[in-house]
Amino acid sequence: MQLLAFVLIYPILWCISMLPFKIFYVLSDIICFFVYRIFGYRKQTVRQNLKLTLPHLTDAERLIIERKFFTHMCDLFLEMIKTMNISDKEIKERFVFTNIEVIKEYEARGKSVILMCAHYASWEWLVVLSKYIDFKSIAIYKKIGNKYFDKLVRDIRSRLHAELVESKKSIDVMEYNKKQDIKAFYGFASDQSPQLTKAKYWDYFMGLEVPVYTGAEMLAKKLDLNILFIKVEKVKRGYYQATIHPLVENPQTIPDYQITSLYLREVEKQILEAPEYYFWTHKRWKHIGKKNY
């Protein structure tokens with residue numbers, strides 16, 4: 001069944017990826033109409049998340065954000081498909097780094113680095129960073145259930161000189177690279193919700209106490225890796241810019257969980273600046289009040 005689904009869907013994805021951008025975004029608007037207006041895909045989850053995290057806004061203001069979010073979400077998923085055939089020149093024009101020299105400065109130090117980002121704006125096109133670096137580029141991700149689509153995603157990233165590593169294999173890969181003196185930038189998007197049974201730390205995120213991922217911090221401490229935060233902004237439809245911020249130097253000297261907290265504060269600032277570009281369909285705040293003291 002997995003192969004059949006791939007064989008049936010792949011040609012459609014390929015055709016979409018070949019569309020000129022003007023037609024591409026018309027298609028996105030059409031899809032958005034069905035996703036939001038007809039099917040109401042996770043509309044209640046989005047609405048609840050916005051109400052929980054942005055209580056200072058009126059219902060009308062949150063509704064505007066909601067509608068803008070669904071338009072952006074459809075753009076985002078089509079842009080993921082576009083990555084199948086987008087040229088290096090075009091993706092570099094559409095995803096710009098404002099201070100790429102920071103990456104070169106950290107490479108010159110000869111030590112691997114953890115890059116932390118959020119599910120905000122376009123974390124998918126962020127992979128173009130691999131075109132600018134000399135170290136290996138490795139993104140930590142959750143494996144897709146369909147093995148054929150999972151391979152497709154990995155092949156797309158490989159074309160952009162990036163490697164995907166499953167989260168459960170990240171420790172082994174990073175320890176191996178350190179032993180072999182292989183320098184790399186490791187990308188983590190750590191703003192989503194871990195399983196409650198695996199939660200080791202709770203922090204306030206958008207004013208609400210929730211369990212949070214701490215893997216990036218713990219690996220940085222264990223392997224002595226500096227940490228950068230990448231802030232991605234949507235400039236206009238189909239165009240993004242990213243700014244690289246040093247988050248922590250010498251993580252082994254920082255008290256446990258402080259790095260994770262610093263990261264969450266950066267993500268919060270990003271969300272509050274333009275909340276419509278955060279990934280609101282995930283049930284990020286589902287464990288409120290379930291902390292086992």
Side-chain angles (χ1 to χ4, degrees), residues 91-92 95-142 154 157-158 160-192 201 212-233 240-270:
I91 197 170
K92 285 182 177 181
F95 197 106
V96 176
F97 292 90
T98 64
N99 59 342
I100 196 67
E101 66 276 3
V102 173
I103 290 294
K104 296 302 179 183
E105 292 171 7
Y106 274 77
E107 283 187 324
R109 301 183 187 188
K111 187 164 72 171
S112 295
V113 177
I114 284 179
L115 302 172
M116 299 191 75
C117 68
H119 288 89
Y120 185 92
S122 178
W123 62 92
E124 289 294 332
W125 279 3
L126 181 57
V127 73
V128 74
L129 178 64
S130 60
K131 292 288 186 178
Y132 296 92
I133 65 178
D134 297 321
F135 285 7
K136 289 189 70 173
S137 176
I138 298 175
I140 309 303
Y141 86 117
K142 185 176 181 179
R154 286 187 281 109
R157 298 299 180 267
S158 177
L160 294 172
H161 298 170
E163 177 184 347
L164 293 185
V165 171
E166 289 182 64
S167 55
K168 65 181 182 180
K169 297 180 180 178
S170 59
I171 296 176
D172 291 340
V173 170
M174 294 172 74
E175 288 182 338
Y176 173 83
N177 286 346
K178 186 174 179 63
K179 289 178 182 178
Q180 298 298 317
D181 198 30
I182 298 171
K183 304 298 189 297
F185 285 91
Y186 300 99
F188 286 81
S190 303
D191 55 312
Q192 299 299 301
Y201 175 63
V212 296
Y213 281 112
T214 59
E217 173 179 342
M218 295 310 165
L219 284 168
K221 286 174 174 287
K222 183 176 183 178
L223 301 175
D224 189 27
L225 309 179
N226 290 330
I227 303 179
L228 301 175
F229 176 76
I230 300 187
K231 178 183 178 181
V232 182
E233 299 170 274
Y240 304 87
Q241 68 177 23
T243 304
I244 303 162
H245 299 280
L247 190 65
V248 171
E249 303 284 340
N250 303 314
Q252 293 172 336
T253 66
I254 308 297
D256 283 352
Y257 308 123
Q258 187 172 319
I259 295 171
T260 299
S261 187
L262 287 171
Y263 161 73
L264 291 175
R265 304 293 78 79
E266 293 296 330
V267 178
E268 286 176 335
K269 286 188 287 185
Q270 205 175 3

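Basis for what follows: all heavy atoms, side chains included, without hydrogens, waters or symmetry-related copies.
In terms of modelled atom types and a separation under 3.5 Å, the side chain of E217 and the main chain of D256 share no donor-acceptor contact. Between the N177 side chain and the I182 main chain, no donor and acceptor come within less than 3.5 Å of each other. Judged by distance alone, with hydrogens and angles left aside, the side-chain atoms of T243 form no donor-acceptor pair with the main-chain N or O of K231 at under 3.5 Å. Checked by atom type and distance alone, the side chain of Q252 pairs as donor or acceptor with a backbone atom of K221 at under 3.5 Å. Of the possible polar contacts, one joining the E107 side chain to the F135 backbone as a donor-acceptor pair under 3.5 Å is found. Checking side-chain atoms of S261 against main-chain N and O of Q258 turns up no donor-acceptor pair under 3.5 Å. Remark: side-chain polar atoms of D224 are not paired, donor with acceptor, to backbone N or O of N250 under 3.5 angstrom.
Atom-to-atom distance recorded for L264:CG and M116:CE is 7.5 Å, nearest 0.5 angstrom. Here the straight-line distance linking atom OH of Y263 with atom CD1 of I227 works out to 11.0 Å at 0.5 Å rounding. Note that CG of L115 is 7.5 Å distant from OG of S137, once rounded to the nearest 0.5 Å. Here the straight-line distance linking atom CG of L219 with atom OH of Y186 works out to 9.5 Å at 0.5 Å rounding. One finds the NZ atom of K92 at 6.5 Å from the NZ atom of K131 (value rounded to the nearest 0.5 Å). To the nearest 0.5 angstrom, M174 atom CE is 8.0 Å from I138 atom CD1.
No side-chain heavy atom of K178 sits under 4.5 Å from any side-chain heavy atom of S112. A heavy-atom distance below 4.5 Å is found between the side chains of I100 and L129. The side-chain heavy atoms of R109 and E249, taken from C-beta on, include a pair separated by under 4.5 Å. Contact check for C117 versus L126: side-chain heavy atoms found under the 4.5 Å cut-off. I230 has its side chain out of reach of W123: every pair of non-hydrogen atoms, C-beta onward, lies at least 4.5 Å apart.
Residue K111 places its NZ atom among more than 12 non-hydrogen atoms of other residues, nucleotides or ligands, all under 6.0 Å distant. The number of heavy atoms from other shown groups lying within 6.0 Å of NZ (K104) is above 12. Other residues, nucleotides and ligands place more than 12 heavy atoms under 6.0 Å from the CG atom of L223.
Closest of all the heavy-atom pairs between S170 and I140 is CB-CD1, 3.7 Å. Annotation for P251 and L225: closest pair CG-O, 3.0 Å, computed over non-hydrogen atoms. Shown here for V267 and F229, the closest heavy-atom pair between the two residues is CG2-CE1, 4.0 Å.
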Worksheet item: Going through the checks in order, is the side-chain contact (heavy atoms from CB on, under 4.5 Å) test met by Y106 and L228?
Response: CA-CA 10 Å; Y106 274 77; L228 301 175; 3.5 Å; yes
Worksheet entry | Candidate pair K269 and E266, rule salt bridge (Lys or Arg N to Asp or Glu O under 4.0 Å), full reasoning | CA-CA 5 Å; K269 286 188 287 185; E266 293 296 330; 3.2 Å; yes
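T98 and Q241 form no side-chain donor-acceptor contact under 3.5 Å, judged by distance and modelled atom types alone.
Comment: R265 engages E268 in a salt bridge, judged by a side-chain N to carboxylate O separation of less than 4.0 angstrom. Salt-bridge check for K136 with E163: passed, with a basic side-chain N closer than 4.0 Å to an acidic carboxylate O.
Aromatic ring orientation, F97 versus F95: tilted (interplanar angle from 30° to 60°).
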